[in-house]
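Per chain, numbering begins at 1; letters A, B, ... match sequence-line order.
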Amino acid sequence: MNRSLDDVRCIADRAAHAVPADAAEAIVLSHYSALTRFAGNRIHQNVAESDAQVSIRAVLGSRTGVASTNRLDEESIARCAKAAADAARHAPRDADFPGLPHPKQLSIPTRAPLLLDAYGPQERAEAAREILDQSAARGLVAAGTVSVNDTITAVANTHGVDAAMHTDDLRVTVLSMNGPNASGWASYYGRDARGFLPAQIGSHAATIAERSEGAVELAPGTYTVVLAPEAVADLLDFLGYLGFGAKAFAEGSSFLIDALGSRVVDPRISIYDDALSPATVGISFDYEGQPRRRTPLIEGGIAVGPVTDSYFAALLDRDNTGHALPAPNPYGPLPLNLEMAAGDTSVEDMIASVDHGVYVTRFHYVNVEDPMKVVLTGMTRDGTFMIENGRLTKPVRNLRFTQGVLSAFSSVGAIGSQRQLCGAEESAVLAPALLLERWAFTGQTG
Amino acid sequence: MKEHIAAALDAATLAGATYADARVVETRHERLSVRTGHVEGIETGESLGIGIRTIADGAWGFAATSDLTPDGIAHTARQAVALARAAAITASSPVSLTPVGRFTDTWSGACAIDPFTVSLDDKLALLLLADDVLRAEDKVRVTTASMGFIAVRKVFGSTEGSLIEQSYVESQAGIAAFAIGDGEMLPRSYPNNLGGQAVQGGWEAILALDLPGNAPRVAEQAAALLSAAPCPSGETTVIIDGSQVALQVHESIGHPTELDRVLGDEAAFAGTSWVGIPDLGTLRYGSEHVTVTSDATIPGSIGSFGYDDEGVPAQRDRLITNGILTGFQTSRESAREIGRASNGCMRADGWQRQPLIRMTTVSLEPGDWSFDDLIADTDDGIYIETNNSWSIDDKRLNFQFGCEIGWEIKGGTLGRMIKSPNYTGVTPQFWGSCDAVCNRDHWQVWGIPNCGKGEPMQVAHVAHGAAPTRFRNVRVGVAR
């Protein structure tokens with residue numbers, strides 16, 4: 001069911017004012033997504049889904065409760081509103097609850113939906129075929145996705161918050177496989193479909209797959225590495241999640257508690273959260289309808305501070321940076337539009353400067369070993385190469401790393417001049433390539 | 001619901017589908033969480049919609065909507081057929097399904113006390129009590145106590161004539177204490193990490209966990225971890241508790257024996273598998289002590305059902321028999337590749353998503369050791385409990401797991417406590433080093449309600465039966 005921005009905004013306002021409580025907030029997400037998935041050089045899944053959901057937070061004094069439904073008729077919304085109020089009635093008082101936020105000036109770009117019509121089922125299938133042809137022509141096997149997402153987000157509360165915005169994005173992934181032990185990868189993520197050239201992205205993945213044939217073993221140890229943007233994006237994603245949320249900061253489980261205002265990484269590194277950047281796909285308000293803004297997390301290597309929402313801004317006596325997630329959630333506010341400032345070095349020049357090292361296309365299945373030191377483990381995949389005397393030489397079998405992000409970012413050799421928007425499950429990261437002098441590989445695929 | 005199914009199947013047929021199935025799924029959930037003395041969230045919710053899967057021009061198409069008006073259902077059915085036809089431009093051979101019976105049936109999971117009839121006050125009182133006990137330890141700075149419930153009712157119908165109605169309730173609860181000091185945060189949880197144990201059942205399952213009764217031990221161990229010895233680095237014998245063995249089975253046996261992964265259908269996201277179809281019946285996956293089953297019929301497991309989301313009856317099958325690969329988890333389409341019928345592993349994450357091959361209850365079958373005898377039989381090694389971190393490569397070979405707590409084993413006796421133990425290995429060598437599995441007295445089914453797979457991402461509720469198990473020559477203490 002297609003709903004307009006105004007329709008969704010009205011549903012949010014109606015829901016917020018339907019709650020038998022002192023105050024209330026409603027979030028409505030109206031969503032359409034379509035994904036064409038291919039593997040084995042043919043499309044094997046071609047799916048689409050349409051849904052809209054309202055989530056209502058009721059406030060009784062300092063007590064809150066939340067209820068949600070995807071039935072948007074009057075009766076169902078009234079039932080949902082009552083359920084939220086009932087939940088609030090059972091909740092104990094929370095002396096730290098500052099109340100729902102009041103409206104603030106929002107800057108919401110008008111974005112006409114660009115992608116749904118441009119990438120319907122036929123267009124996505126044609127794009128997939130162009131991608132697949134690049135691998136099939138070279139005797140390789142391709143897998144991946146071409147997907148579009150189209151979402152209207154609206155937040156309203158009984159204090160007058162009234163925010164709504166339309167977003168859409170196009171995401172493409174390509175894995176090209178050259179036998180069981182060699183593969184290559186390429187991807188595209190963004191709003192501007194002009195940046196997506198199916199044959200080019202398919203060819204890029206296939207070329208890496210061809211070069212990955214005949215991978216050799218490499219003894220685990222500490223190496224100089226050049227990380228492509230998608231590998232850097234994984235590190236930034238975890239750094240933001242573990243270190244820069246106000247909840248972890250308030251609870252004392254973030255490295256930031258002893259590091260505010262201190263140098264934590266190389267002075268050439270600056271990291272921001274910026275949903276307003278034209279290069280990303282974020283919305284310009286958070287899930288309390290508060291404005292997002294460009295928020296420094298690390299500037300010139302110095303830790304600046306955590307991101308907040310209304311609750312943690314009041315609790316910590318800090319500004320509200322507009323990073324609320326939908327209530328309730330176990331995470332608190334988080335940065336979902338991270339970016340690392342670009343440097344001045346091309347990837348080619350990074351590689352040329354390395355005598356002996358490893359090039360990593362991307363990581364796989366990264367997870368946390370030590371949250372307070374931001375130590376992660378994960379594997380390389382889809383294009384890992386030796387760098388010898390300034391050139392990519394032999395492909396290397398996939399390696400496991402166990403490495404602290406802060407210590408790695410303290411050994412920066414160079415920062416890439418070009419950045420790529422990389423998609424994570426719930427966030428988007430604008431990342432450059434990085435040359436790191438010390439990176440600990442601790443194992444290898446058997 | 002049944003009229004929605006009929007409308008969807010008729011519309012898909014009229015649009016040109018040669019096969020169609022439809023699922024109407026209605027869910028209701030409730031979640032409560034307490035954190036360090038505060039009620040973090042009380043949330044209820046509901047969702048209703050239909051997912052329609054079709055074959056047209058020999059290819060799959062799937063569309064889903066929450067618009068259950070006649071027009072909404074008809075539009076979505078036609079959309080599913082259009083998606084199938086678009087997909088057909090790359091098809092080299094038409095989709096072909098192995099036969100399945102025509103079933104008209106109902107199935108429901110056991111639930112003694114409907115958790116939605118228990119008051120929020122009673123639920124909160126239990127959580128607040130457990131959380132209060134956890135916070136009695138000074139060094140414990142953050143505590144969590146949570147519970148969640150989901151009730152599912154779904155109807156499946158297909159153009160082959162099946163009409164199946166199923167319903168069940170799942171319940172989950174757990175507690176955790178986090179000791180923080182000297183730049184470390186060390187968790188201790190019960191009965192498992194990430195929200196605790198999840199079962200098919202009701203309020204009786206929550207009461208059986210006795211969260212307040214276990215809270216003192218959990219808090220005490222969390223506090224003790226701050227001054228515990230670091231994990232030694234090197235190769236040693238490791239005895240792993242049942243909950244971590246469950247995750248080890250999940251990552252290094254469950255996923256690589258999903259036949260869609262073996263066939264490459266998940267290659268670009270979660271990856272492929274280190275095993276292939278020619279390995280069936282011959283590959284040595286592990287030692288003779290390793291027998292693994294896939295079983296969707298275990299009462300109380302969140303991996304159980306009456307029929308999968310293709311209308312295939314729940315089954316028990318052997319994936320590994322005394323160390324030899326003897327089966328895969330399959331669908332109606334993929335089973336044809338190994339010349340077998342589907343063993344019923346297709347499930348979807350709600351009405352929104354197309355079914356994929358998902359684990360049911362994939363279990364390491366029990367051995368014959370008592371836990372005390374196994375410790376006594378071990379001269380030198382470590383015993384570790386409760387997962388805290390997991391990572392495995394795209395072929396499911398190289399893995400690394402971190403756990404919450406461990407103890408040294410010296411001369412057949414448990415010794416001093418170890419903090420943050422981790423271990424790494426490569427799947428066939430690791431399972432090949434398994435030389436003892438504890439008996440059924442120590443075996444239990446562990447629910448894992450957060451298994452991610454597919455694009456768009458789907459989260460499945462799966463489970464694993466496991467008991468404490470011993471492995472030799474395991475590399476531990478990576479980067480410690």
Take B/D265 and A/R42 through the test salt bridge (Lys or Arg N to Asp or Glu O under 4.0 Å) and record every step on the way to the result. CA-CA 10 Å; B/D265 287 353; A/R42 96 290 187 205; 3.1 Å; yes
Is there a side chain to side chain contact (heavy atoms under 4.5 Å, CB included) between B/V478 and A/E369? Walk through the geometry before answering. CA-CA 10 Å; B/V478 181; A/E369 280 280 329; over 6 Å; no
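A salt bridge does not link A/R57 with B/E43: every distance from a Lys NZ or Arg NE/NH1/NH2 to an Asp or Glu carboxylate oxygen is 4.0 Å or more.
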For residues 139-146 of chain B, dump all side-chain donor-acceptor pairs below 3.5 Å to protein atoms at least two apart in sequence or in another chain.
unit_1 : atom_1 : unit_2 : atom_2 : d
B/R141 : NE     : B/D138 : O      : 3.3
B/T143 : OG1    : B/T36  : N      : 3.2
B/T143 : OG1    : B/D131 : OD1    : 2.5

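Listed by first and then second residue, the side-chain hydrogen bond (donor to acceptor under 3.5 Å, both in side chains) pairs involving residues 268-279 of chain B are B/W274-B/Y285 (not counting sequence neighbours).
In terms of non-hydrogen atom pairs under 4.5 Å with chain B, the most contact-rich of A/A440, A/P330, A/A83 is A/P330. With chain B as the partner, the residue from A/N46, A/L35, A/T64, A/L72 showing the most heavy-atom pairs under 4.5 Å is A/N46.
Between A/T442 and B/Q400, some side-chain heavy-atom pair lies under the 4.5 Å cut-off.
Closest heavy-atom contact between A/A125 and B/A86: CB-O, 3.4 Å.
One finds the OG1 atom of A/T377 at 13.0 Å from the CH2 atom of B/W390 (value rounded to the nearest 0.5 Å).
Within residues 172-179 of chain A, the residues having any heavy atom under 4.5 Å from a heavy atom of chain B are, by residue number, A/T173, A/L175, A/M177.
The salt bridge (charged side-chain N to carboxylate O under 4.0 Å, His left out) search around B/E455 returns A/R37, not counting sequence neighbours.
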